[in-house]
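Read the structure below first, then the notes.
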Amino acid sequence: MPNFDDGAYRSTFRHTTAHILAQAVKRLYPEVNLAIGPAIDTGFYYDFDRATAFTPEELSKIEDEMKRIVKEHLPVERFELPREQARRLMAEKNEPYKVELIDDLPADAIISFYRQGDFVDLCAGPHLDNTSEVKAFKLTQVAGAYWRGSEKNKMLQRIYGTSFPDKQQLKEFLDQQEEAKKRDHNKLGRELGFFTTVDYIGQGLPIMLPKGARVIQLLQRFVEDEEERRGYLLTKTPFMAKSDLYKISGHWDHYRESMFILGDPEKADQEEVLALRPMTCPFQFQAYLTKTRSYRDLPIRYGETSTLFRNEASGEMHGLIRIRQFTISEGHLIVAPDQLEQEFRGCLDLAQFMLKAVGLDDDVSYRFSKWDPADQEKYIGSADQWDTVQNTMQDILDNMGLSYRVGIGEAAFYGPKLDIQIKNVFGKEDTLITIQIDFQLAERFGMEYTDRDGQKRYPYIIHRTSIGCYERTLALLIEKYAGALPLWIAPEQARILPISSKHLDAAYDMAKSLREQGLRVEVDDRDEKIGKKIREAQMEKLHYMLVIGDQEVEQGTVAVRSRLDGDLGVMMPADLVARLKKEVAERRH
RNA sequence: GCCUUUAUAGCUCAGUCGGUAGAGCGCAUCCAUGGUAAGGAUGAGGUCAUCGGUUCGAUUCCGAUUAAAGGCUCCA
């Protein structure tokens with residue numbers, strides 16, 4: 001029995017399930033055209049061209065048909081055909097997408113097919129030997145997806161599913177998915193009062209409520225303090241500028257559709273055209289340009305807590321992860337070529353320090369994001385320049401022994417990036433932190449320095465974030481900790497529950513005193529049903545709950561039961577404050 | 001921007017085959033509770049997302065808009 005933990009076998013298994021799905025769809029809906037159906041991390045999908053979406057009823061009919069195919073114990077057989085015969089076979093079966101795929105295969109490609117019963121699919125394989133091996137599967141959702149991933153192409157109907165060698169594993173996986181979704185920041189963050197949205201304010205424009213705003217403030221202070229310690233110079237630059245600035249930087253040509261523009265560009269000769277900033281770089285560069293620079297000035301490290309505005313397309317917004325206005329720990333390092341590696345390492349060290357401080361260091365992966373030579377319109381600079389800087393960056397990464405994967409076409413328009421990636425509870429990956437090497441904008445902006453030999457030279461610029469965008473970081477922290485953030489950034493570190501209304505005044509006095517000692521504490525005076533409140537507090541994952549009785553003042557973690565039920569490990573507020581201060585202090589190493 | 005789905009009380013949701021709405025939790029007031037993962041009574045909250053159409057009459061049907069959810073594309 002092959003090991004399902006083996007990625008290659010698992011992919012094969014799921015890919016075969018995708019074929020079973022396609023076979024079932026063709027049996028039920030012969031008019032549907034097949035596109036592609038690969039295995040993915042969590043299962044598989046298959047794309048179909050069909051006028052209307054599959055309904056839940058149809059999905060369950062398809063599942064039933066798939067079960068039948070599994071029970072038919074169909075052997076899965078591979079065969080090869082020369083290109084012309086392959087084309088003919090797919091054309092006969094009226095599969096235009098398959099024909100297109102064949103036409104795009106390289107001249108020397110071996111064109112293989114897989115047959116199971118009445119179903120044949122163009123496929124490189126490999127596959128399981130028999131459909132009966134797929135013991136447990138489920139179709140999970142339907143979605144639209146563009147043919148070949150391009151929005152210029154037709155939208156197809158995608159069916160997602162997953163499969164396992166037995167029903168138990170399937171159930172465990174589905175349960176696990178359900179559990180993960182309970183940590184969804186978009187749900188939990190709203191329930192816990194971190195943020196909200198208002199339909200007449202608009203998409204991608206969340207309101208940070210006191211709790212969410214507090215966390216962001218704490219992170220921001222931490223970042224700013226740490227950057228100061230690491231030799232960063234603070235700037236504070238405008239939220240908008242005339243279009244002229246973005247024309248120099250290249251944003252006007254390469255990023256304009258994602259910018260909020262004030263004024264009519266058509267009438268630029270008659271009226272002022274401003275744009276909200278989508279990035280801080282061209283603003284921060286102006287600080288460098290205020291005087292002539294010597295090699296002795298370098299490196300210069302600029303940092304700014306910067307609010308940015310990006311006019312994302314309407315369907316792209318997601319909770320706090322993808323929004324239209326966000327605040328980022330932005331920074332630009334102006335460095336001489338011989339300083340590039342060391343400064344790059346410094347940026348990575350800072351990023352890793354931040355990840356460790358918030359506990360996300362084990363949850364990230366690294367992506368070396370390169371340009372796509374086939375899509376040069378998206379970028380500025382020549383192929384030679386790109387090759388040079390990408391090689392430099394690769395050397396740096398390899399020297400550090402960092403393990404990363406390569407993302408073609410993921411670069412910024414002005415240079416390659418090291419992206420620190422993280423997945424949300426739905427398994428969708430986003431960039432949390434990015435460190436970019438820019439070899440072009442210095443020249444565009446005329447940012448020179450005078451070198452030892454008296455020659456003017458253009459520096460490299462490192463664009464980087466240290467903790468990324470605060471809203472996104474908050475979202476991922478909520479998901480990571482299911483709302484119970486580490487004590488030093490928890491917006492509510494303790495809650496005081498008066499055991500009865502007689503103790504209300506005492507509770508407020510205590511809260512006041514604890515706040516003066518720097519503890520973030522709330523009084524819950526809404527009712528006296530303390531048992532229920534304890535359960536709620538447990539659900540909200542509070543770190544401490546102070547329960548006030550007569551003259552006594554006591555507390556424990558919420559995991560500890562009420563003192564009446566047994567041992568509690570009583571801790572007085574003074575101890576709590578001391579412990580809290582210790583933990584907050586420990587976050588800095 | 002594209003595909004699918006959704007929008008009713010603070011929250012979770014039910015409902016009206018078209019005659020202006022209900023539940024649970026929460027909230028308010030009162031009562032009870034002195035060591036308790038607590039009980040009861042009463043009450044206040046909704047132009048049923050917005051705008052338009054059909055209709056004698058729309059929250060319910062139709063259309064548009066806005067917002068939310070998942071995916072695609074895009075991206076921090």
Side-chain angles (χ1 to χ4, degrees), chain A residues 45 47 50 52-56 59 140-160 181 184 186-187 190-191 193 196-206 255 257-258 278-280 306 308 310-330 369 378 407 409-410 412 417 419-422 424 426-434 436 463-465 467-473 475-476 497 499-503 526-538 547 549-550 552 558 561-565:
Chain A
Y45 67 79
D47 287 345
R50 186 186 194 226
T52 55
F54 292 98
T55 63
L59 222 53
T140 48
Q141 63 172 331
V142 289
Y146 297 110
W147 165 239
R148 303 199 130 181
S150 169
E151 60 185 330
K152 296 188 183 80
N153 292 338
K154 188 168 184 186
M155 178 146 288
L156 307 174
Q157 304 298 334
R158 175 171 295 180
I159 296 178
Y160 282 96
K181 282 174 191 167
D184 178 8
N186 209 359
K187 191 168 188 301
R190 290 170 196 270
E191 284 169 7
T196 188
T197 50
V198 178
D199 61 358
Y200 41 84
I201 285 179
Q203 271 193 306
L205 297 168
Y255 210 78
E257 63 186 30
S258 296
M279 296 173 189
T280 322
S306 180
L308 305 179
R310 297 188 186 175
N311 192 3
E312 305 289 357
S314 63
E316 286 165 2
M317 260 62 80
H318 172 70
L320 292 180
I321 285 183
R322 195 76 185 279
I323 53 186
R324 281 181 163 154
Q325 177 190 319
F326 56 95
T327 298
I328 194 165
S329 56
E330 183 88 280
S369 298
K378 272 178 70 180
E410 302 284 357
K417 310 191 285 177
D419 290 320
I420 304 182
Q421 302 290 108
I422 191 160
N424 73 1
F426 297 103
K428 176 156 175 143
E429 188 179 275
D430 277 293
T431 302
L432 192 61
I433 294 176
T434 183
Q436 313 170 354
H463 304 235
R464 46 101 274 178
T465 66
I467 205 172
C469 153
Y470 289 100
E471 291 86 349
R472 182 175 286 184
T473 302
L476 289 153
L497 301 181
I499 206 160
S500 96
S501 55
K502 277 185 295 189
H503 307 303
R526 292 197 183 156
D527 78 358
E528 301 165 19
K529 293 169 187 164
I530 194 160
K532 202 172 286 175
K533 286 289 158 189
I534 289 170
R535 280 199 300 275
E536 280 177 14
Q538 280 171 337
V547 179
D550 249 355
E552 298 169 64
V558 291
R561 288 166 178 256
S562 154
R563 72 188 183 94
L564 295 165
D565 280 26

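Remember, predicted model here, so these are calculated numbers, not experimental data. Chain naming here is simple, since letters A, B, ... match the order of the sequence lines and numbering starts at 1 in each.
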For a quick check, tell me whether the side chain of A:E330 and the base of B:rA76 share a donor-acceptor pair closer than 3.5 Å. no
I'd like the [atom1] distance from [M] over to [N], given in whole Å.
N	M	atom1	answer
B:rU6	B:rA38	P	39 Å
B:rA68	B:rC30	C1'	40 Å
B:rA14	B:rG52	C1'	29 Å
B:rU29	B:rG71	P	44 Å
B:rU42	B:rA37	P	27 Å
B:rU8	B:rG22	C1'	10 Å
B:rC27	B:rA64	P	42 Å
B:rC13	B:rA69	P	14 Å

Taking [atom1] from [X] and [atom2] from [N], how many angstroms apart are they, rounded to a whole number?
X	N	atom1	atom2	result
A:L59	B:rC3	CG	C1'	15 Å
A:K154	B:rU4	NZ	C1'	16 Å
A:M279	B:rA76	CE	C1'	9 Å
A:I328	B:rC75	CD1	P	15 Å
A:Q436	B:rC75	CD	P	12 Å
A:L476	B:rA76	CG	P	15 Å
A:R50	B:rC3	CZ	P	16 Å
A:I323	B:rA76	CD1	C1'	10 Å

Residues which pass side chain to side chain contact (heavy atoms under 4.5 Å, CB included) with [X], listed by chain and number, not counting sequence neighbours:
X	answer
A:I422	A:L360, A:D363, A:V364, A:L432, A:L476
A:T196	A:I207, A:L209
A:R190	A:N186, A:F195, A:T197
A:A143	A:Y160

Tell me every residue that passes side-chain hydrogen bond (donor to acceptor under 3.5 Å, both in side chains) with [X], counting only those two or more places apart in sequence or in another chain.
X	answer
A:S258	none
A:E330	A:T280
A:Q421	A:E429, A:T431
A:K187	A:E191

Presence of salt bridge, A:R322 and A:E316, under 4.0 angstrom: yes
Would you call A:E410 and A:K417 a salt bridge, taking side-chain N to carboxylate O under 4.0 Å as the test? no
Base, sugar-phosphate alone, or nothing: which one does [X] contact when heavy atoms must sit under 4.0 Å apart?
X	result
A:E410	nothing
A:K417	sugar-phosphate
A:D430	base
A:L156	nothing

For A:Y146, ring-ring contact (aromatic ring centres under 6.0 Å, His included) partners two or more places apart: none
For nucleotides 65-72 of chain B, give me every protein contact, N/O to N/O, under 3.5 Å, one pair per line with atom names.
unit_1: B:rU66; atom_1: O2'; unit_2: A:D199; atom_2: O; d: 3.4
unit_1: B:rA67; atom_1: OP1; unit_2: A:Q203; atom_2: N; d: 3.4
unit_1: B:rA68; atom_1: OP2; unit_2: A:Q203; atom_2: NE2; d: 3.0
unit_1: B:rA69; atom_1: OP1; unit_2: A:N186; atom_2: OD1; d: 3.2
unit_1: B:rA69; atom_1: OP1; unit_2: A:N186; atom_2: ND2; d: 2.1
unit_1: B:rG70; atom_1: OP1; unit_2: A:H318; atom_2: ND1; d: 3.2
unit_1: B:rG70; atom_1: OP2; unit_2: A:H318; atom_2: ND1; d: 2.9
unit_1: B:rG70; atom_1: O2'; unit_2: A:Q141; atom_2: OE1; d: 2.7
unit_1: B:rG71; atom_1: O3'; unit_2: A:Y160; atom_2: OH; d: 3.1
unit_1: B:rG71; atom_1: O2'; unit_2: A:Y160; atom_2: OH; d: 3.3
unit_1: B:rG71; atom_1: N2; unit_2: A:G144; atom_2: O; d: 3.4
unit_1: B:rC72; atom_1: O4'; unit_2: A:G144; atom_2: O; d: 3.2
unit_1: B:rC72; atom_1: O2'; unit_2: A:Y146; atom_2: N; d: 3.0
unit_1: B:rC72; atom_1: N4; unit_2: A:G315; atom_2: O; d: 3.4

B:rG52, syn or anti by chi within 90 degrees of zero: anti
Per the O4'-C1'-N9-C4 / O4'-C1'-N1-C2 angle with a 90° window around 0, B:rA7 comes out anti
Only stems of 3 or more consecutive Watson-Crick or G-U pairs count here, both distances under 3.5 Å; name the ones for RNA chain B, or none. B:1-7 with B:66-72, B:10-13 with B:22-25, B:27-31 with B:39-43, B:49-53 with B:61-65
Is the shortest heavy-atom distance from the side chain of A:V142 to the side chain of A:L59 under 4.5 Å? yes
Are A:F326 and A:L320 side-chain neighbours, meaning at least one heavy-atom pair lies under 4.5 Å? no
Enumerate the protein-to-nucleotides 8-14 of chain B contacts in which both atoms are nitrogen or oxygen and the separation is below 3.5 Å.
none

